[in-house]
Amino acid sequence: MRTFFFSLNASYGACEKLYLATNNAVVVRAESGESVQIPSLNLRPFVTKDGIHGRFRLMITEQNKVHSFERIKN
């Protein structure tokens, strides 16, 4: 299992794109410098009226499937 840490800071307007049918993944830069693709579905629960903000931890399986995704700091 691999673990990635990254921070997000996006307005609510920018987060509206997460709900478009044509946008089913977001690419972020992990703190390790690696690019990581995350399904939009995993980000949606963290969107508030202010957008999405915080530091997150993503754990993926050996098959590159999301094992867990959580906010660890606002």
Side-chain angles (χ1 to χ4, degrees):
M1 197 158 326
R2 296 187 65 197
T3 303
F4 299 94
F5 294 92
F6 58 91
S7 295
L8 292 174
N9 186 20
S11 68
Y12 183 80
C15 291
E16 288 179 337
K17 295 175 185 176
L18 295 174
Y19 296 91
L20 298 176
T22 57
N23 187 13
N24 43 356
V26 174
V27 177
V28 299
R29 174 89 47 205
E31 293 173 1
S32 63
E34 297 171 274
S35 292
V36 181
Q37 184 172 316
I38 303 169
S40 298
L41 179 66
N42 291 98
L43 295 171
R44 292 177 189 163
F46 299 99
V47 176
T48 68
K49 63 181 174 65
D50 296 323
I52 187 167
H53 306 279
R55 185 167 182 248
F56 295 84
R57 175 176 40 220
L58 169 68
M59 296 177 75
I60 61 169
T61 65
E62 298 300 321
Q63 295 77 31
N64 290 325
K65 303 294 181 190
V66 175
H67 176 264
S68 66
F69 182 76
E70 61 186 337
R71 181 179 7 227
I72 55 175
K73 185 178 178 185
N74 285 336

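Keep in mind that the numbers below use all heavy atoms, side chains included, and drop hydrogens, waters and symmetry copies.
- Here the side chains of Pro39 and Val66 are in contact, with some heavy-atom distance below 4.5 Å.
- The pair Arg2-Glu34 counts as a salt bridge, with a side-chain nitrogen and a carboxylate oxygen less than 4.0 angstrom apart.
- How far OG of Ser68 is from CG of Leu58: 7.0 Å, rounded to the nearest 0.5 Å.
- Residues Leu8 and Tyr19 share a single hydrophobic cluster, defined by chaining ILVMFWY side chains whose heavy atoms lie under 4.5 Å apart.
- Of the possible donor and acceptor atoms, one in the side chain of Ser40 sits under 3.5 Å from a partner among the backbone N and O of Asn23.
- Cluster annotation: Leu43 is not connected to Met59 through the hydrophobic network of ILVMFWY side chains, with a link wherever side-chain heavy atoms come within less than 4.5 Å.
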Val26/Leu18 under side-chain contact (heavy atoms from CB on, under 4.5 Å): CA gap, chis, key distance, verdict = CA-CA 8 Å; Val26 174; Leu18 295 174; 3.4 Å; yes
Full working for side-chain contact (heavy atoms from CB on, under 4.5 Å) between Arg44 and Asn42 | CA-CA 6 Å; Arg44 292 177 189 163; Asn42 291 98; over 6 Å; no
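- Put simply, CD1 on Ile52 and OG on Ser11 are 11.5 Å apart, with the number rounded to the nearest 0.5 Å.
- How far CZ of Phe6 is from CD of Glu31: 9.5 Å, rounded to the nearest 0.5 Å.
- Side-chain contact check for Ser7 and Arg55: no donor-acceptor pair (N or O, by modelled atom type) lies under 3.5 Å.
- Without hydrogens or angle criteria, Arg71 side chain to His53 main chain gives a donor-acceptor distance under 3.5 Å.
- For Tyr12, the OH atom sits in a loose shell: 12 or fewer heavy atoms of surrounding residues, nucleotides or ligands are nearer than 6.0 Å.
- For the atom pair CD1 (Ile38) and CD1 (Ile60), the distance works out to 10.0 Å, reported to the nearest 0.5 Å.
- Note: the hydrophobic cluster containing Leu41 does not contain Val36 (ILVMFWY, side chain heavy atoms under 4.5 Å, direct or indirect links).
- Partners of Ala25 according to the side chain to side chain contact (heavy atoms under 4.5 Å, CB included) rule, which considers only residues two or more places apart in sequence or in another chain, are Gln37.
- Centroid-to-centroid, the aromatic rings of Phe46 and Phe56 come within less than 6.0 Å.
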